[in-house]
Protein chains: 2
Amino acid sequence: MYKQLLKHLSKDIELTPEEEQEFLSILEHHTFLKKSLLIQPGQKVAKEYYVLKGCLIAYYLDKAGQKHIIQFATEDWWISDFEAFFNAYPAQLYVECIEDSEVLSLDISVLEDLYFRIPKFERFFRLKITKAFVALRNRILSSLQKDSKTRYLEFCEQYPNLQGRVANYHIANYLGITPESLSRLRKGLN
Amino acid sequence: MYKQLLKHLSKDIELTPEEEQEFLSILEHHTFLKKSLLIQPGQKVAKEYYVLKGCLIAYYLDKAGQKHIIQFATEDWWISDFEAFFNAYPAQLYVECIEDSEVLSLDISVLEDLYFRIPKFERFFRLKITKAFVALRNRILSSLQKDSKTRYLEFCEQYPNLQGRVANYHIANYLGITPESLSRLRKGLN
DNA sequence: CTTAAAAATTGATGTAGATCAATTCATAGC
DNA sequence: GCTATGAATTGATCTACATCAATTTTTAAG
């Protein structure tokens, strides 16, 4: 069941079988239906989520109250509300399932405790967020070269397995354009 | 001399005097003149840099060969080429001084070694990059609400100490607009 | 202080993509 | 299968910002 997850961990850190078991033991398994919310503003406990199956969207609200998609997460992705780590809440996060999904969750306080006992996990999550940082920075770069056709093509390349699974208006939101513009843009690609 | 840096570390981790000394001992001190480059493509060794004094710009190149500013770093900021950590180089980074600057550097391989000996440092840099991630994500949010006047005002709020130190064409580049547009936009603010 | 080079401003014009409105297409519930 | 609701497309128009070109202002060097 969790073979994929352990393989995923083993790319960055080497764990003993006991450590693997310890990690698995602090995870909680959930199934969420399409359209349900994993994270929403005002939630008391911060968690890390690991997607086993299905697809999630992370939305952020800006000051104008607009939702913006900042990330799609599918199988084998981690997603979390990093602001919660610092008890700082300028922006507000929603995480919504757009497909029925299976997810593992990990309470931040339990995770912090694990970091102290087994620093290898601190290493794992440091590497993970560093990669996320790089990916996010590349998104800023591509948004600065503000040609939306190129950005759409990059999106398709980057998420080939999302074709047909994610609504076009979600993709448009992610790209920062309107659904109408995306529609015209796609038309122009044939 | 390094009081500020130690204070900075102590916000996130508690170090013994010996650990503090060990950390300071692996740092190298440099002074760079205005317009010199700390990091440029093709550089063999990856480093972390800590700005003691002055101001640095991190530029990235996109596929079209255009430089885009993705970050300004002043006193007490860390800056580094995270892609180098993974030996992956899709994007190319320049870090340039726009003022005469004093900088401490830390070799990545030495740092990795330190992580194993004293995991607290892994913790420190995990927290640091998590904060950087949050800041970057907020930039994406503000770039999605693509009203450049608002974005400029946010920039001014976020970097109040850069007023007059950074050229307007650098700010325009950072915001993803032309210097002409920034000029008109600023005019409209009076 | 003078001069050259770089930065900032201003003006005129063009364009990508927004907005608003209407229509067609797809999906889900009965 | 039919109907209702949400998604996607298409068209017409508008606007923020880009681009190109010229001018003024600032900065740095001799």
Side-chain angles (χ1 to χ4, degrees), chain A residues 33-37 54-55 57 59 62 64-69 72 96-100 139-156 162-190, chain B residues 33-37 54-55 57 59 62-69 72 96-101 139-156 162-190:
Chain A
L33 293 178
K34 194 171 166 171
K35 301 214 170 175
S36 57
L37 296 172
C55 180
I57 315 182
Y59 285 108
D62 69 21
Q66 290 282 335
K67 275 187 191 173
H68 294 294
I69 296 177
F72 293 100
E96 178 184 327
C97 295
I98 53 171
E99 294 175 350
D100 292 352
R139 254 196 88 195
I140 289 203
L141 279 177
S142 70
S143 82
L144 283 175
Q145 65 174 62
K146 74 266 90 27
D147 172 327
S148 46
K149 189 176 289 183
T150 314
R151 266 154 56 215
Y152 173 65
L153 291 172
E154 279 178 11
F155 169 83
C156 292
L162 288 190
Q163 292 299 346
R165 290 169 68 182
V166 173
N168 284 336
Y169 69 91
H170 281 142
I171 297 176
N173 180 305
Y174 177 85
L175 294 172
I177 60 178
T178 58
E180 292 96 323
S181 294
L182 179 58
S183 172
R184 284 184 244 267
L185 185 164
R186 282 156 51 95
K187 197 177 173 189
L189 291 175
N190 306 329
Chain B
L33 293 178
K34 193 169 167 173
K35 301 215 170 174
S36 58
L37 296 172
C55 181
I57 319 181
Y59 285 101
D62 69 21
K63 305 94 223 178
Q66 290 283 335
K67 277 187 190 173
H68 295 294
I69 296 177
F72 292 101
E96 179 185 325
C97 296
I98 51 170
E99 296 175 350
D100 292 353
S101 300
R139 254 196 89 196
I140 289 203
L141 279 178
S142 70
S143 82
L144 284 175
Q145 65 173 65
K146 70 277 73 41
D147 172 328
S148 46
K149 188 174 290 183
T150 314
R151 266 154 58 215
Y152 173 64
L153 290 172
E154 280 179 11
F155 169 83
C156 292
L162 288 190
Q163 292 299 348
R165 289 169 69 182
V166 173
N168 283 335
Y169 70 91
H170 280 142
I171 297 176
N173 181 306
Y174 176 85
L175 294 173
I177 60 178
T178 58
E180 293 96 323
S181 293
L182 179 58
S183 172
R184 284 183 246 268
L185 186 164
R186 282 156 50 95
K187 198 177 173 188
L189 291 175
N190 307 328

How do I177(A) and R186(B) order along DNA chain C: which one's closest nucleotide is nearer the 5' end? R186(B)
Measuring only between side-chain heavy atoms, which start at C-beta, is I140(B) closer than 4.5 Å to H68(A)? no
Could you tell me whether a side-chain N or O of D100(A) sits under 3.5 Å from a main-chain N or O of L33(A), the two making a donor and an acceptor? no
Are OP1 or OP2 of dG17(C) and a side-chain N or O of T178(A) less than 4.0 angstrom apart? no
If only side-chain N and O atoms of S181(B) are considered, is one of them under 4.0 Å from the OP1 or OP2 phosphate oxygen of dA16(D)? no
May I have the distance from R184(A) (atom CZ) to dG11(D) (atom C1'), rounded to whole angstrom? 7 Å
Check whether any side-chain N or O of N168(B) sits under 3.5 Å from a backbone N or O of S183(B) as a donor-acceptor pair, and report yes or no. no
Output yes when at least one side-chain N/O atom of S183(B) is less than 4.0 Å from OP1 or OP2 of dA8(C), else no. no
Let me know the distance between CD of E99(A) and P of dT27(C), rounded to the nearest Å. 14 Å
What is the separation between atom CG on N173(B) and atom P on dA7(C), rounded to the nearest whole Å? 13 Å
Nearest heavy atom decides the nucleotide; on that basis, is E180(A) or A167(B) closer to the 5' end of DNA chain C? A167(B)
Given dA28(D), is OP1 or OP2 found less than 4.0 Å from the side-chain N or O atoms of K34(B)? yes
Ignoring backbone atoms, test whether K187(B) places a side-chain nitrogen or oxygen under 4.0 Å from the OP1 or OP2 oxygen of dT10(C). yes
Mind checking whether V166(A) and Y174(A) have side chains closer than 4.5 Å, heavy atoms only? no
Please report the distance, rounded to the nearest Å, between CG in L182(A) and P in dT19(C). 15 Å
Respond yes when some side-chain nitrogen or oxygen of N168(A) is under 4.0 Å from OP1 or OP2 of dA8(D), and no when none is. yes
